[in-house]
Each structure stands twice: as structure tokens, then as C-alpha cells.
Protein chains: 2
Amino acid sequence: MTAELSDMPEFSPRQNAVLEQALKLLVDGGEKALTTSGLARAANCSKESLYKWFGDRDGLLAAMIAYQASKVRTFERSGGRLTADLLREHLETFGRDLLEVLSGEVSLALNRLAIGQASREGSKLGRLLIEHGRRQIDRRAIGLMEAGRRAGLLRFPDADSAYHTLYGLIVSDLHVRMLLGENGLKDNARQAERAVHAFLSLHGASQNTEGAGRAHSDA
Amino acid sequence: MTAELSDMPEFSPRQNAVLEQALKLLVDGGEKALTTSGLARAANCSKESLYKWFGDRDGLLAAMIAYQASKVRTFERSGGRLTADLLREHLETFGRDLLEVLSGEVSLALNRLAIGQASREGSKLGRLLIEHGRRQIDRRAIGLMEAGRRAGLLRFPDADSAYHTLYGLIVSDLHVRMLLGENGLKDNARQAERAVHAFLSLHGASQNTEGAGRAHSDA
DNA sequence: TCCTCGTAGTACCGTACGGTACGGTTCCGT
DNA sequence: ACGGAACCGTACCGTACGGTACTACGAGGA
């Protein structure tokens, strides 16, 4: 685990403060507002220091992604025994957290930034964002999947595929819509409940809770 | 129906050719490659004509979206009687078409463009893209939903919600990943089959095909 | 005290873009 | 044949950005 963390270069406190300002500028005004001059002015540093620390503008953007990823820490599943209700609760918590993260302003701004850069061939920002930003939450979900299967609560042939099913049920096209500027949901928890209900109808081991065709009966 | 089409300004053949070139430039080199000078050079027109026709650069981008939307035409469901197999086939065809559209280069480029502009407050591109690009395919899917319900083949309390469920099952996080630069699926048809299978397990009226908890058994 | 290192602040350069202006040309109606 | 509208090609302007160079200044060490 420490080996994984060592491959991302850590920055000095001063540099972290500068990166924090950079994220703030990006969130407030979009990519166009994030200029080297503007960042130097806002962070009370010199452009020369920026180029010394981060190489060039792309290096700065990559550093911002790495820095933001280093801030997001997700909790591992507690090691206790897993019941059906506990699994459902963990899944719903995961769904709420996922929606919360995806609708966060910093996340949206960084995704917009990476997507805007994605057309360029040599851009590694998209890859970086997927690797750093998603790996944590993906591992947490897949861990949950396999724990559920080991406990006899879930049935699926492929944990990865099952996770993508859960992801789609939770997020649907919401992420893209928010990236395009639409507002998020009013109630993330409700969406998470619906998604987990459907997911358990598909992959839950016990169908005795409700009929499979009666999903969303509470709507 | 004609009233809906009349609100989008149609362009002359010459202007359509220019917009086609603009899309080509955008797909090839991203937003940065789409400059007024470059477009004028590539399309053998003058910058003055561009500004006369489209007002300013944002008008050009909006015109590109409208033009592309005018090219995409989706088929309505044929009026014949709906059986379970026919519904499944229509749903799978919809899924394949949806994946095909979303993974298209022009679609990805326009989405990247609109997302890049989405941070600016006054940008209507995201709204435009959702309205023009999605309305057609959304209507087709929701029509399919309600036809299925009328035929007693589907059960759901809310067609819109059911459609979003189907959408999530089909697309999952694929759209965002492709926007970030990842490659699409190898087999869209297989993904559509899986998604429709799961969707019918959730909302299909006849659960006798297979047990609800045994989805994806063929994987 | 003096030297060195790191950094802030600023001035500067080359480039590229959006947008405008203008001369020359083609095409159409009369 | 004439006149005007539309349009192409190009030159031009103001601006703003990425990146570099240079000076000033404060901290720490010999």
C-alpha cells in the first residue's frame, strides 16, 4: 500500500497551498481562468517558481490532479460480519458517497479540465484522473462486491461487471449532465436507495424481500 | 412536429459545407484546432463571412451543434403488434444505437467542446447539446417504454425513471471514460444484450424467463 | 559580516487568437 | 452592359497567454 502511495510525488506545504489556490481558481472560473500569471498573483508566488516546481502548465495540471486525489481518502469496509441489511447499508452509503464525489465542484472542474485536454493525443490527464481518482472508489466497491459474495449475499459471475452495473444504476447519465452544466439531484440518498434496490434485485441472493418486477414501488 | 423543426435555423448548403468542415477540424484536432482563421482557410471562405453568418465564435459552435443534430435522425418504432421478443429486440437495437452514437467521434468532440465551455456561466452549449442531441433518442426510448407497458410487457411506475435505469445499465461510466480519452467497447451488441437482460429482469412483466437473481449467467 | 540559496515581483518576448477593414472578384437581376 | 450584393483573400489591430530573464530581498550558515 505504501508502495502505491510512493509513486505519486508529494509536494511541500508551500506547493500544496499553491495547488489549493490553483484548484480554487479552476473551480471559480474554469480552465480559462487558470493562467500562470493569475495563479502566481493569487498564490503570492512568482511564475518562475511555478515553472521550477511543476515544469510547465501541463505539469501543473497533473500536480493538481495528484494533489486532489491525495486529499480524497475513502474508508475501507469495516471487518465485521456481513448481513443482508448491513450489505444494503454499505451499498447505499457507497452510492451516496459516489454521487457526492461526482457532484463535487472540484471533481467536476477537474473532469472538465481533463476532458477538454483529452482531444490532444499526448494528454495523460484523462488517464491520470481515472487512475488516481477512480481507483480508490473502485477498489472499495469491488471489495464490497466480493465480500457480499463470500457471505453468500450476492451472486454474480464477474465482480467487475457487477460493479459497473451498480455504477450505472447509481449514476446513469447524471455525471455527463452535470459536466455539461446541469444541476445535480435534489436527493442523492433516494437515488442511491433506488439503485441499490435494483442492484439487489439483480444480484442479491435472496429474492424474498420483494418481487423482482416490483422495483421502485415506493415512487 | 414541423413546429419543432422550425425553431432551429436552417442553413444554406454553403453554410452547411462550412459547418461540416468545422466539425472535421474539431474532430481532428480538438477545440484548440478550431480557429476562425483555420476554418476559413480549410473551408475556402473568408472570416468575414463566418462572422456575418454566425455572429461570433459561440454562434459558430451553436450552429455546429444544431447542424450535427439535424443530421442525426432516429427511427420511430414501427407500429406493429409488440411481443416480448420484439420488445427485447427493439430495446437491444436501441442500446446498440445509443452506444454507437455516444462513441461516435463527432459526438465525443461536441460533448468535449460543450463540457469545456460549461464552466462559463453564460454558456448555452451544454443545454443546447442536451436539448438537440438527446431529445430525439430520449423520445424514442420513452416511446418504447410506454408501448411495452401498454402491451403488458413492462411494469414500472414512471417511464422516465425506467428509461434512466435502462440508460445506466447500457452506458454505465462508458461515456465519461470515452470523453476522457479511453477506447470504447469491443462489442457494443454484447453490452446491449446484458443491459436489456438486466432491465427486463427488473421491469419485465414475465419473470418466468429466468430467476431474477441469476442475471448474466451466460457470461 | 558576507555569501549563497530560494523566491517574490516585474518586465519582457514571441506567438496566436478573435474580430475588423478593405480591395478584388464573381454572380445575378434588370 | 450596368450596378449592386455577396464573398474571398489578406492584411491588420488589440489583447492575452506561456514561458524566460533579471533584480530585489530575506533567511541561514561560515
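Lettering of chains follows the sequences in order, A, B, ..., and the numbering in each one begins at 1.
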Open item on the list: Tell me if a side-chain donor or acceptor on Arg88(B) pairs with a main-chain N or O of Val196(B) at a distance below 3.5 Å.
Closed with: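 No; zero donor-acceptor contacts below 3.5 Å.
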TODO: Mark yes or no for whether Ser103(A), through its side chain, and Glu100(A), through its backbone, hold a donor-acceptor pair below 3.5 Å.
DONE: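 Answer holds: yes.
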Task: Near-ring test His203(A)/Phe199(A), centroid separation under 6.0 angstrom - done: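 Yes, the ring centres sit under 6.0 Å apart.
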Open item on the list: What I want to check is whether the side chains of Ser172(A) and Arg177(A) have a donor and an acceptor closer together than 3.5 Å.
Closed with: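 No, no side-chain donor-acceptor pair sits under 3.5 Å.
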TODO: Would you please say whether a donor-acceptor pair under 3.5 Å links the side chains of Tyr67(B) and Asn16(B)?
DONE: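 Not at all, the side chains of Tyr67(B) and Asn16(B) share no donor-acceptor pair under 3.5 Å.
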Open item on the list: Across nucleotides 8-21 of chain D, 5' to 3', mark each nucleotide with B, S or - according to how protein heavy atoms within less than 4.0 Å reach it.
Closed with: BB-------SBBBB
